[in-house]
Amino acid sequence: MIYLDNSATTRPHPDVVESMRRAMENYYGNPSSLHHKGVEAEAVLKQAREVAAKFLGCKPGEIIFTSGGTESNNTAIKGVAFQYQNRGKHIITTQVEHPAVYDVCQQLASLGFETTYLPVDRDGRVSLEDVQKAMRPDTILVSVMHVNNELGTIQPVAEIGQWLKQFPKVLFHVDAVQAIGKVPLKLKEAGIDLLSVSAHKFYGPRGVGILYKREGLIIHPLMMGGGQESGVRSGTENLPAIAGMAKAIRLLEEWGPAESRRLQDLLVQLREGISKIEGCIINTPEAHTAPHIMNISVPGVKAEVLLHALEERGFLVSTKSACSSKANEPSRVLTSVGIERDCALSSLRISLGRENKAEDIKRFLEALTVCVGTLRSQMKSKTKSVTR
Ligand SMILES: Cc1ncc(COP(=O)(O)O)c(C=O)c1O
């Protein structure tokens with residue numbers, strides 16, 4: 001079996017699993033307890049915070065451990081909205097955000113907040129000019145993802161953040177869930193106030209993530225309780241998961257940009273191969289894209305049918321994003337970039353990870369060629385028999 005669904009989630013690295021096992025076995029104390037088991041657990045937590053801070057280029061006090069990307073996005077957006085609603089109730093985001101941002105903004109509408117959902121171009125990119133045009137005196141937050149989870153498009157977040165620096169009261173949130181370890185970003189230079197990270201996208205465990213929150217920035221906490229994580233996220237810390245995430249971050253640092261370049265080469269191989277398959281359309285743009293995501297369409301062939309045909313041959317891919325793949329509606333992201341309904345309904349996402357090799361891509365391309373050929377000819381003979 002070849003796993004090509006790494007944007008949905010990744011297989012945890014064996015060292016991550018081992019770190020978690022050790023944390024569960026040895027560091028079971030509550031980091032808030034005063035006895036030595038608590039102190040030991042607190043030391044593990046402190047170390048993990050330092051690892052995360054070093055990786056992101058920030059201070060340990062700016063790291064808030066959460067349950068993942070969804071919670072980080074919710075905490076950032078609602079935390080700012082509730083804290084600064086007296087300043088204004090206007091938010092700017094894009095039409096192609098993950099539901100963990102998009103739906104949060106929609107939910108806030110019922111509380112009197114207004115969101116501008118910026119359009120994107122054919123490549124799925126938002127423009128700085130559109131952000132500039134959307135700014136209002138009552139804007140309190142701009143939230144733009146770094147890498148799009150369906151197309152792989154990289155947004156100009158550094159450019160937007162630098163421009164936003166002239167409005168210190170307008171906060172800038174970046175959903176970097178798909179970018180971490182793939183596309184570099186300098187938090188401070190890019191003027192980012194809040195940034196969301198999720199460990200299961202980079203070989204860490206699921207159910208754990210980070211919200212980077214700039215030092216001194218106050219946001220309204222969503223979780224009240226014991227006051228953990230500087231009072232922003234109460235709840236006994238999930239130490240084994242946090243230790244696993246710290247291990248995954250260390251591994252990312254070790255692999256460095258070499259792994260991104262390796263994935264980039266595989267993506268090029270994939271693109272070249274797919275472009276030769278009759279009936280296949282590549283939706284992922286060539287420029288400004290992450291090294292691990294390729295979105296394609298085979299118009300006329302239902303995405304789900306193609307997905308299962310590929311699965312029978314041992315290749316696992318996904319339709320739309322995993323979080324919304326069950327709804328029979330075309331993807332909001334793909335329709336936002338102008339892809340027609342039929343084409344959007346037949347789209348597949350192939351996403352690469354550290355275990356994929358050039359040989360896997362070669363074999364996948366062979367399987368895709370056969371599956372597309374068979375399904376398209378079945379489709380043609382069906383239409384013929386209907387029209388006869
Ligand atoms: C861009 C983006 N943001 C947020 C999330 C949600 O992250 P999590 O699964 O950790 O809640 C995902 C997950 O697919 C994502 O791709």
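Owing to the predicted nature of the structure, the values given are computational and were not obtained by experimental measurement. Remember, it's 1-based here, ligands and their atoms both numbered in the order they're listed. The figures that follow rest on heavy atoms only: side chains count, while hydrogens, waters and symmetry mates do not.
- Taking a cut-off of under 4.0 Å to the non-hydrogen atoms of Ser198, the atoms of ligand 1 that pass are 8 (P), 10 (O).
- For Met145, every heavy-atom contact with ligand 1 shorter than 4.0 Å involves the side chain, none the backbone.
- Distances between N or O atoms of His200 and those of ligand 1 include at least one value under 3.5 Å.
- A heavy-atom separation below 4.0 Å is not found between Arg206 and ligand 1.
- Between the CD atom of Gln162 and the CG atom of Leu128 there is a distance of 10.0 Å, given to the nearest 0.5 Å.
- Under 3.5 Å, the side chains of Glu366 and Thr369 contain no donor-acceptor pair of N or O atoms.
- Near Gly69, with a cut-off below 4.0 Å to any heavy atom, the atoms of ligand 1 are 7 (O), 8 (P), 10 (O), 11 (O).
- The shortest distance between side-chain heavy atoms of Val16 and Met245 does not fall below 4.5 Å.
- Between Ser347 and the options Ile339, Ile296, Leu334, a side chain to side chain contact (heavy atoms under 4.5 Å, CB included) holds for only Leu334.
- The closest side-chain donor-acceptor pair between Ser318 and Asp5 falls under 3.5 angstrom.
- Contacts with ligand 1 closer than 4.0 Å are made by no heavy atom of Thr9, backbone or side chain.
- Close contacts between ligand 1 and Thr70 involve ligand atoms 6 (C), 7 (O), 8 (P), 11 (O) [criterion: under 4.0 Å to a heavy atom].
- Close approach of ligand 1 to Asp175 is summarised as follows: ligand atoms under 4.0 Å from at least one heavy atom of the residue are 1 (C), 2 (C), 3 (N), 4 (C).
- Ligand-side atoms of ligand 1 in range of Gly68: 10 (O), range being under 4.0 angstrom from any heavy atom.
- For the residue pair Gln107/Lys78, the side-chain donor-acceptor check at 3.5 Å is satisfied.
- Note: Trp255 and His13 have tilted aromatic rings, judged against thresholds of 30 and 60 degrees for the angle between ring planes.
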